[in-house]
Amino acid sequence: MARILVIDDEVDMLFLIKNILKKGNHIVDIHKTPLNLDIDELGKYDLIILDVMMPEIDGISFCKKIRGKVSCPILFLTAKTMESDIVEGLLCGGDDYITKPVGVEELLARVEAHLRRENREKQFSLNLGNIRFVLSSNEVFVNDDKVNLTKSEYQISELLAKRRGQVFSREQIYEMIFGIDGTSDASAISEHVKNIRAKFRKYSENPIVTVWGIGYKWV
């Protein structure tokens, strides 16, 4: 059983999705707009489903706003099928997308898959060569030596490591870690990466590389 938040400006769609998810014994909260939600309360959800096309604030913009505050999977619900729209949603911090009209079996399967993956990641480590992330405690080791990263340095490292090989710009990293309401700016990411590299170099590791003119990736 998981607690799931669904946001869609179509009332019929909200109740359809709620009824589908209740078949999986999930607790489902539904809202027509995200504007009346307390962002600080969103951490109680295990998964969020966001409609992309909403009149007051679109789902992608809202995802950018909350991604630095929530770690649960975010699935986009959209009628759009253009690859560029899908990529934009995933780059802003979304984990998956479901196209309308919604299929009962597909929706349940996607949701259950993300919930299972989320549970596994909370329990197990992420191992990349000599580097090991202990996801449950937000710690990272090179072999048996702990790398003493700050909270922000760890979040950046985990983000890049989980999507190994994918290139992220400074702006994308900043929005996914700190959200669009962060108190600094994207230039801070360069300083964080510099510090992360220095700490890993003590153990002869250099996992984050610069892709010139674009951003950074974990190799």
Side-chain angles (χ1 to χ4, degrees), residues 1-52 54 57-78 86 89-100 102-126 133-139 151-152 154-163 166 175-181:
M1 179 185 293
R3 186 161 190 176
I4 299 173
L5 171 65
V6 185
I7 305 173
D8 193 310
D9 61 311
E10 298 179 37
V11 175
D12 290 343
M13 182 62 66
L14 283 176
F15 283 101
L16 172 63
I17 294 174
K18 182 174 184 176
N19 290 332
I20 291 173
L21 294 177
K22 286 177 68 175
K23 295 178 185 293
N25 296 318
H26 298 304
I27 299 170
V28 185
D29 293 338
I30 57 176
H31 289 269
K32 286 184 62 178
T33 174
L35 296 181
N36 57 0
L37 294 172
D38 184 347
I39 293 178
D40 292 330
E41 293 292 318
L42 297 183
K44 66 185 178 183
Y45 292 105
D46 299 298
L47 185 140
I48 297 172
I49 298 176
L50 275 177
D51 183 30
V52 171
M54 293 185 287
I57 179 173
D58 64 89
I60 291 176
S61 296
F62 187 66
C63 179
K64 291 178 180 179
K65 185 174 182 179
I66 67 173
R67 189 30 116 187
K69 298 180 181 293
V70 300
S71 58
C72 70
I74 296 177
L75 279 62
F76 287 111
L77 185 65
T78 177
I86 294 167
L90 298 179
L91 285 177
C92 82
D95 296 277
D96 202 353
Y97 69 95
I98 301 168
T99 55
K100 297 179 181 180
V102 177
V104 175
E105 298 300 327
E106 179 185 4
L107 177 62
L108 281 173
R110 295 279 189 94
V111 167
E112 295 298 341
H114 282 282
L115 291 173
R116 285 195 302 271
R117 186 178 301 117
E118 186 73 3
N119 287 333
R120 286 198 301 269
E121 289 182 349
K122 288 179 179 178
Q123 297 172 12
F124 297 108
S125 299
L126 174 65
F133 287 82
V134 182
L135 301 169
S136 59
S137 60
N138 292 344
E139 295 177 303
K151 179 180 179 181
S152 296
Y154 176 84
Q155 290 176 320
I156 293 168
S157 298
E158 183 183 292
L159 167 68
L160 296 177
K162 281 184 174 180
R163 305 189 185 187
Q166 184 174 342
E175 288 187 0
M176 294 171 76
I177 298 297
F178 303 106
I180 60 174
D181 295 326

Give the intermediate values and the outcome of side-chain contact (heavy atoms from CB on, under 4.5 Å) for residues T33 and M54. CA-CA 8 Å; T33 174; M54 293 185 287; 6.0 Å; no
So L37 and I66, side-chain contact (heavy atoms from CB on, under 4.5 Å) or not? Walk me through it. CA-CA 11 Å; L37 294 172; I66 67 173; over 6 Å; no
Backbone of I7 reached by a side-chain donor or acceptor of H31 within 3.5 Å: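 No; judged by distance alone, with no hydrogens or angles, the pair does not exist.
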Determine whether a donor-acceptor pair (N or O, by modelled atom type, separation under 3.5 Å) exists between the side chain of R3 and the backbone of D29.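 Checking the backbone N and O of D29 against the side chain of R3, no donor-acceptor pair under 3.5 Å is found.
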[atom2] on [Y] to [atom1] on [X], rounded to 0.5 Å:
| X | Y | atom1 | atom2 | answer |
| --- | --- | --- | --- | --- |
| I60 | L50 | CD1 | CG | 10.0 Å |
| L126 | K162 | CG | NZ | 7.5 Å |
| D96 | L90 | CG | CG | 7.0 Å |
| H114 | I74 | NE2 | CD1 | 11.5 Å |
| F76 | I48 | CZ | CD1 | 10.0 Å |
| K65 | L42 | NZ | CG | 10.0 Å |

Looking at K100 and D8, is any side-chain nitrogen of the basic one under 4.0 Å from a carboxylate oxygen of the acidic one?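 Yes, this pair counts.
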Flag the pair R67 and D95 as a salt bridge only when some basic side-chain nitrogen lies within less than 4.0 angstrom of an acidic carboxylate oxygen.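 So R67 pairs with D95 through a salt bridge.
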K22 atom NZ, over 12 foreign heavy atoms within 6.0 Å: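 No.
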Flag side-chain contact, heavy atom, 4.5 Å: [X] against [Y]:
| X | Y | answer |
| --- | --- | --- |
| L91 | Q166 | yes |
| L21 | I49 | yes |
| H26 | D46 | no |
| L77 | E10 | no |

Apply side-chain contact (heavy atoms from CB on, under 4.5 Å) to I17 and V28, showing your working. CA-CA 9 Å; I17 294 174; V28 185; 5.7 Å; no
Closest approach of L108 to I20 (non-hydrogen atoms, all atoms of both residues):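 Reported closest heavy-atom pair: CD2-O, 3.5 Å.
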F62: which of I57, D51, L35 passes side-chain contact (heavy atoms from CB on, under 4.5 Å):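 It is I57, the one option of I57, D51, L35 that forms the side-chain contact (heavy atoms from CB on, under 4.5 Å) with F62.
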What verdict does the side-chain contact (heavy atoms from CB on, under 4.5 Å) test give for E158 and N138, after you've listed the backbone C-alpha separation in whole Å, the side-chain angles of each residue and the deciding distance to 0.1 Å? CA-CA 9 Å; E158 183 183 292; N138 292 344; 4.2 Å; yes
